[in-house]
Asker: 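Got a structure here, written out as structure tokens. Questions coming.
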Amino acid sequence: MSLGQQLAPHLPFLRRYSRALTGSQGQGDQYVRATLEAIVAAPAEFPRDVDPRLGLYRTFQVIWGSAHIEGPLGGDASEHENIARARLARMTPLSRQALLLTAMEGFTPEDAAFLIDVDADEVEELVAEAMTEIEKQTRARVLIIEDEPIIAMDVETIVRDLGHEVTGVAVTRDEAVALAMEDRPGLVLADIQLADDSSGIDAVKDILAEFQVPVIFITAFPERLLTGERPEPTFLITKPFQRSTVKAAISQALFFDQSTVPAE
């Protein structure tokens with residue numbers, strides 16, 4: 001099997017990680033493209049002594065470390081981007097990476113240590129630091145769009161445990177839009193398939209046509225929304241999910257949102 005064939009199944013999930021790390025589909029996908037270009041340009045340098053997924057993420061981390069820019073982006077940057085960069089400047093980048101690699105991407109602490117080039121015993125400390133810092137920075141009012149009662153209850157509990165307020169739980173597209181218009185949320189958590197065979201994606205499009213709000217999609221088929229070929233979600237949670245995954249995604253989405261209020 002060629003190297004390309006070995007890496008192909010892992011590319012959607014690298015896009016998920018990169019988008020979450022940058023807070024942008026466009027920027028995240030650019031880092032993934034740069035990673036692939038580096039592999040194509042120097043295939044002999046690809047790590048062959050580890051699992052292909054580890055090697056892919058390790059190559060990405062090298063690209064991220066060499067190209068990532070801290071601080072304000074300059075005159076061409078939007079206010080949103082500058083606020084996100086300002087928040088980034090107040091936080092250790094490695095802590096965010098450790099959190100996303102373990103909680104969202106499912107790497108073990110040992111693998112995460114290899115990926116970010118630290119000792120294994122440092123990873124848990126970095127993750128704890130990331131959660132503490134992010135939870136102190138932001139709080140929001142959250143609309144949940146989910147038609148499965150047990151999942152909706154679980155997500156609602158996680159949201160409240162993080163100190164956020166739930167504005168409502170919708171099970172259909174029309175109900176989601178109505179709730180959003182009645183009580184404007186600061187974050188939307190949306191399932192893809194809803195109770196009346198309507199789409200969470202369409203519900204979100206309707207909401208975004210009225211006002212801007214960060215969105216996290218929840219789906220059992222993440223590969224369909226991580227192709228890099230069209231406008232796609234920046235933040236994505238895969239079903240079945242761990243509570244830590246939802247917490248990491250919520251924290252990260254709010255981290256990049258300019259409208260959240262710093263916690264007192």
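Since the structure is predicted, the reported quantities are computational estimates derived from the model, not experimental observations.
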Asker: Indicate the atoms forming the closest heavy-atom contact of I145 with A203, along with that distance.
Answerer: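 The answer is CD1-CB, 4.4 Å.
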
Asker: Using only atom types and a distance under 3.5 Å, with no angle test, would you say the side chain of D147 pairs donor to acceptor with the backbone of A195?
Answerer: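 Side chain of D147 to backbone of A195: a pair is present.
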
Asker: Can I216 be reached from V171 by stepping across I, L, V, M, F, W or Y side chains whose heavy atoms are under 4.5 Å apart?
Answerer: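 No, no single cluster joins them.
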
Asker: Examine distances only and state if a side-chain atom of T245 and a backbone atom of F241 form a donor-acceptor pair shorter than 3.5 Å.
Answerer: no

Asker: Between P9 and P12, which heavy-atom pair has the shortest distance, and what is it?
Answerer: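 Smallest interatomic distance, heavy atoms only, reads O-CD, 3.6 Å.
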
Asker: So, do L162 and V159 sit near enough that their side-chain heavy atoms are less than 4.5 Å apart?
Answerer: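 A side-chain contact is absent here, since even the closest heavy-atom pair is not under 4.5 Å.
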
Asker: Please name the pair of heavy atoms, one in P52 and one in F46, separated by the smallest distance, quoted to 0.1 Å.
Answerer: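 Taking every non-hydrogen atom into account, O-CZ, 3.7 Å.
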
Asker: Counting distance only, does the side-chain N/O of H164 pair as donor-acceptor with the main-chain N or O of A140 below 3.5 Å?
Answerer: yes

Asker: Give me the one residue out of W64, Y57, F235 that meets ring-ring contact (aromatic ring centres under 6.0 Å, His included) with Y17.
Answerer: Y57

Asker: Under a 3.5 Å distance rule, please check whether R15 uses its side chain to pair with a backbone N or O of L226 as donor and acceptor.
Answerer: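 Judged by distance alone, yes, a pair lies under 3.5 Å.
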
Asker: Does a side-chain heavy-atom distance below 4.5 Å link R141 with D183?
Answerer: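 SC-SC contact between R141 and D183 confirmed.
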
Asker: Apply salt bridge (Lys or Arg N to Asp or Glu O under 4.0 Å) to the pair D154 and R243, showing each step before the final yes or no.
Answerer: CA-CA 8 Å; D154 197 21; R243 292 173 65 87; 2.9 Å; yes

Asker: Please test I201 against I192 for side chain to side chain contact (heavy atoms under 4.5 Å, CB included), starting from the C-alpha separation and ending with a verdict.
Answerer: CA-CA 6 Å; I201 294 177; I192 301 297; 3.8 Å; yes

Asker: Please confirm whether the backbone N or O of P233 pairs with a side-chain atom of R19, one donor and one acceptor, at under 3.5 Å?
Answerer: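 Between the backbone of P233 and the side chain of R19 there is a qualifying donor-acceptor contact (under 3.5 Å).
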
Asker: Applying a strict under-4.5 Å side-chain criterion to I, L, V, M, F, W and Y, I'd like to know whether L100 and V246 cluster together.
Answerer: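 Shared cluster, yes.
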
Asker: Nearest 0.5 Å, please: how far is CD in E129 from CG in L99?
Answerer: 11.0 Å

Asker: I'd like to know if the side chain of T132 reaches the main chain of A128, judged simply by a donor and an acceptor atom lying under 3.5 Å from each other, with no hydrogens or angles considered.
Answerer: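 Such a contact is found between T132 side chain and A128 backbone.
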
Asker: Considering only NZ, NE, NH1 and NH2 on the basic side and carboxylate oxygens on the acidic side, decide whether R53 and E105 come within less than 4.0 Å.
Answerer: yes

Asker: Does atom CZ (F211) have a neighbourhood of more than 12 heavy atoms from anything else shown, all under 6.0 Å?
Answerer: yes

Asker: Determine whether a donor-acceptor pair (N or O, by modelled atom type, separation under 3.5 Å) exists between the side chain of S251 and the backbone of A248.
Answerer: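 Here the side-chain-to-backbone pair does not exist.
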
Asker: Counting C-beta onward and ignoring hydrogens, is there a side-chain heavy-atom pair between T219 and R224 closer than 4.5 Å?
Answerer: no

Asker: Going by the side chain to side chain contact (heavy atoms under 4.5 Å, CB included) test, name the single residue among V215, T167, L179 that passes it with P185.
Answerer: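 The single option meeting the side chain to side chain contact (heavy atoms under 4.5 Å, CB included) with P185 is T167.
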
Asker: Output yes when K239 and D191 qualify as a salt bridge under the 4.0 Å nitrogen-oxygen rule, no when they do not.
Answerer: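 A salt bridge is present here (some side-chain N lies under 4.0 Å from a carboxylate O).
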
Asker: For the pair E146 (side chain) and E148 (backbone), establish whether a donor and an acceptor sit closer than 3.5 Å, ignoring hydrogens and angles.
Answerer: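 Side chain of E146 to backbone of E148, a donor-acceptor pair under 3.5 Å: yes, one is there.
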
Asker: Side chain to side chain contact (heavy atoms under 4.5 Å, CB included) with I116: which of R58, Q97, E122?
Answerer: Q97

Asker: Decide whether F217 and L143 are clustered together by the hydrophobic rule: side chain heavy atoms of Ile, Leu, Val, Met, Phe, Trp, Tyr closer than 4.5 Å, transitively.
Answerer: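 Cluster IDs for F217 and L143 match.
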
Asker: Start with the C-alpha gap between V188 and I144, add the side-chain angles, then the distance that decides, and say whether side chain to side chain contact (heavy atoms under 4.5 Å, CB included) holds.
Answerer: CA-CA 6 Å; V188 175; I144 299 171; over 6 Å; no

Asker: Do other residues, nucleotides or ligands put more than 12 heavy atoms under 6.0 Å from M153 CE?
Answerer: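 No, CE of M153 has 12 or fewer neighbouring heavy atoms, counting only those of other groups under 6.0 Å.
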
Asker: Going by heavy atoms in the side chains, are D206 and R173 under 4.5 Å from each other?
Answerer: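 Sidechains of R173 and D206: in contact.
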
Asker: Same cluster for V213 and V166 if Ile/Leu/Val/Met/Phe/Trp/Tyr side chains link at under 4.5 Å?
Answerer: no

Asker: Within 45 degrees of the axis of the six-membered ring of F13 and under 6.0 Å from its centre: does R16 put its NZ or CZ there?
Answerer: no

Asker: Do you see a donor-acceptor pair shorter than 3.5 Å between the side chains of S199 and Q193?
Answerer: no

Asker: In the structure I gave you, are the side-chain heavy atoms of T172 and E175 within less than 4.5 Å of one another anywhere?
Answerer: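 Heavy-atom side-chain distance check passes, below 4.5 Å.
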
Asker: Closest approach of A20 and M104, non-hydrogen atoms and distance?
Answerer: CB-SD, 3.9 Å

Asker: Going from CD on Q242 to CD1 on I237, what distance comes out if it is rounded to the nearest 0.5 angstrom?
Answerer: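 The distance works out to 11.5 Å.
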
Asker: Mark yes when over 12 heavy atoms from residues, nucleotides or ligands other than E124 sit less than 6.0 Å from its CD; otherwise mark no.
Answerer: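 Not buried by this count: 12 neighbours or fewer within 6.0 Å.
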
Asker: Verify, without hydrogens or angle tests, whether Q252 (side chain) and G23 (backbone) share a donor-acceptor contact under 3.5 angstrom.
Answerer: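 Not at all, since once roles are kept as given, no pair shorter than 3.5 Å links the two residues.
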
Asker: Testing the basics here: between A120 and A113, what is the closest heavy-atom pair and its distance to 0.1 Å?
Answerer: CA-CB, 3.6 Å

Asker: With side chains defined as the heavy atoms from C-beta onward, is the minimum distance between I39 and L7 less than 4.5 Å?
Answerer: yes

Asker: With a 4.5 Å cut-off on side-chain heavy-atom distances among I, L, V, M, F, W and Y, is there a chain of contacts connecting L187 to I151?
Answerer: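 Yes; I151 is reachable from L187 via cluster members.
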
Asker: Decide yes or no on side chain to side chain contact (heavy atoms under 4.5 Å, CB included) for L101 and Q61, but give the supporting numbers first.
Answerer: CA-CA 11 Å; L101 287 169; Q61 289 295 140; 4.3 Å; yes

Asker: So, for A152 and V169, which heavy atoms are closest and what is the spacing to 0.1 Å?
Answerer: CB-CG1, 3.9 Å

Asker: Do D117 and L94 come within less than 4.5 Å of each other through their side chains, counting heavy atoms only?
Answerer: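 With C-beta onward as the side chain, the pair stays apart.
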
Asker: Would you indicate whether K205, at its atom NZ, is surrounded by more than 12 heavy atoms from other residues, nucleotides or ligands within a distance under 6.0 Å?
Answerer: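 No - once you tally the heavy atoms of other residues, nucleotides and ligands closer than 6.0 Å, there are 12 at most.
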
Asker: Hey, could you give me the CG/OG1 distance between L225 and T234, rounded to the nearest 0.5 Å?
Answerer: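 OG1 of T234 is found 11.5 Å from CG of L225.
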
Asker: Between F256 and T22, does the side chain to side chain contact (heavy atoms under 4.5 Å, CB included) criterion hold? Intermediate values first, please.
Answerer: CA-CA 8 Å; F256 283 104; T22 61; 5.6 Å; no

Asker: Is R33 salt-bridged to E37, cutoff N-O under 4.0 Å?
Answerer: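 Salt bridge: no.
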
Asker: For G55, is there any backbone N or O sitting under 3.5 Å from a side-chain donor or acceptor partner on T59?
Answerer: yes

